[in-house]
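Numbers here simply count residues along the sequence, with the first being 1. Whatever order the structure lists ligands and atoms in, that order sets their numbers, starting from 1.
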Amino acid sequence: MFEGLRKAFSSLTERVKTTTISAKDLDESLSRLEAQLVSNDVALTVAESIVKSLRADLEKVRVSRLGGPSEAIQSAIRRTLQEIVLEADPREILNRVEENIKQKKSTVVLFVGPNGSGKTTTVVKVAAYLRKQGYSSVISCSDTFRAGAIEQLKELAEREGIWVVSQQYGADPAAVAVDAIRRAEAAGIPVVLIDTAGRTEVDSGLLEEMRKIKSVTKPDFVIYVGDALTGNAAAEQARQFDRYVGLEYVVLAKLDADARGGSSVSISQVTGKPLLFVGVGQKTDDLEPFPKKRILEALSIS
Ligand SMILES: Nc1nc2c(ncn2[C@@H]2O[C@H](COP(=O)(O)OP(=O)(O)O)[C@@H](O)[C@H]2O)c(=O)[nH]1
Ligand SMILES: [Mg+2]
């Protein structure tokens, strides 16, 4: 996990630590770092901000020649990434659930994203997470498009004892969601999670479908699920969804399989939307809140 970025940062530490570094050497080291960040999926604008922020800190280190420069560099990297990665506290959702319970309303969360990004797996993981916090959910199978989608969701959810509302393939995904919300409210179930279809291409047809589901179900939150392995495309697609549909949060799946790591560092900056969870495996409990800590740990600079 994240070998690429880890190497990029540790080679900066090595270079700056082993020389009495001149301004020119520092410039060179930072340009090299910028190139390495970009080749490990950090968006260019974000790589530029990281380097700019590190430069300001490292200039100070260089001039004062502190006793432990490598610790100073590590802490500069840590401080920079703390600033760059934006995260949200899942309490924001739990608080809304509590408010809605008082008004006898279910909280509706719509999940969107491209095909294969990890939406269905993430929806079930989130239902299991919410159950641990004391809230049960209904999942709406609003992917009525992809062959096998209904069976896949039912299998994953029923293994966890989570209720799925589905109709037949080809049914209107918004109608399935409305039905799920109605049933959840009748049964006093506090949360409805809507699983949707992706497409190979994120095109206007898909975005229009998501916009329709959103306008009909009026979700409390829209969450984009991106695939870390698609690098910069994950952030670009999230931006498209945000422009067309509107998003509150981003979840990045498959961090465990990501050898580069850059998309997790830059997606929240590129989209302006905080990371709520990261997916770190295929199992139901492979979902982690507070991604910043996890990302810094993966880079061995926590
Ligand atoms: N390694 C890993 N695999 C994941 C993760 N999340 C999802 N997957 C896998 O990615 C594939 C596509 O996931 P799925 O939930 O069906 O994606 P969807 O098409 O967006 O609904 C499946 O094989 C999942 O098991 C994750 O966090 N880590
Ligand atoms: Mg799916």
Side-chain angles (χ1 to χ4, degrees), residues 1-3 41 90 109-129 137-160 162 164-171 173-174 176-177 180 192-203 205-207 209-210 213 222-231 233-238 240-241 245 247 249-264 267 275-291 294-295 297-298:
M1 189 174 168
F2 291 12
E3 294 77 11
D41 292 343
V109 187
L110 173 62
F111 291 79
V112 300
N115 189 40
S117 67
K119 289 180 296 303
T120 301
T121 314
T122 300
V123 168
V124 176
K125 287 174 175 177
V126 170
Y129 173 85
S137 316
V138 172
I139 301 177
S140 167
C141 184
S142 295
D143 181 354
T144 61
F145 176 77
R146 189 176 63 78
I150 299 175
E151 291 76 11
Q152 180 202 7
L153 174 60
K154 279 192 173 162
E155 193 191 319
L156 285 175
E158 283 167 8
R159 209 186 289 162
E160 299 295 321
I162 296 158
V164 173
V165 169
S166 64
Q167 293 177 15
Q168 70 285 19
Y169 287 103
V176 182
V192 179
L193 305 174
I194 306 174
D195 186 23
T196 62
R199 302 278 192 280
T200 321
E201 288 297 315
V202 174
D203 57 13
L206 175 65
L207 295 169
E209 181 178 315
M210 295 306 126
I213 300 177
V222 180
I223 298 180
Y224 170 84
V225 180
D227 176 344
L229 303 179
T230 62
E236 285 311 317
Q237 285 167 342
Q240 274 181 293
F241 276 96
V245 186
L247 302 174
Y249 302 115
V250 169
V251 172
L252 201 56
K254 310 187 199 176
L255 245 63
D256 55 300
D258 182 9
R260 295 189 296 271
S263 54
S264 73
I267 195 167
L275 273 169
L276 180 65
F277 293 108
V278 287
V280 293
Q282 293 181 294
K283 294 198 306 293
T284 305
D285 59 359
D286 291 331
L287 182 77
E288 300 205 357
F290 305 110
R294 178 70 188 199
I295 292 164
E297 272 167 15

With nothing but distance in play, are any N or O atoms of L255 less than 3.5 Å from an N or O of ligand 1?
no
For ligand 1, indicate whether the residue V280 contacts it via side chain, backbone, both or neither (heavy-atom separation under 4.0 Å).
backbone
Is Q152 touching ligand 1 with its side chain, its backbone, both, or neither, if touching means heavy atoms under 4.0 Å apart?
side chain
Heavy-atom distances under 4.0 Å decide this one: backbone, side chain, both or neither, for D256 against ligand 1?
side chain
Measure the distances from the heavy atoms of G116 to every atom of ligand 1 and state whether one is below 4.0 angstrom.
yes
Quick check on G113 - does any of its heavy atoms sit under 4.0 Å from an atom of ligand 1?
no
If you measure every N or O of G281 against every N or O of ligand 1, does any of those distances drop under 3.5 Å?
yes
With a 4.0 Å heavy-atom cut-off (strictly under), which part of K283 contacts ligand 1: side chain, backbone, both or neither?
neither
Examine D286 against ligand 1 and note whether any of their N/O atoms are separated by less than 3.5 Å.
no
Has ligand 1 got any nitrogen or oxygen that is less than 3.5 angstrom from a nitrogen or oxygen of A257?
no
side-chain contact (heavy atoms from CB on, under 4.5 Å) with L193: of V138, V124, I223, V123, only one passes, and it is V123
Whether F241 and Y224 hold their rings parallel, tilted or perpendicular, with breakpoints at 30° and 60°
tilted
On a heavy-atom basis, I'd like to know which of K119, K254, Q282 is closest to atom 18 (P) of ligand 1.
K119
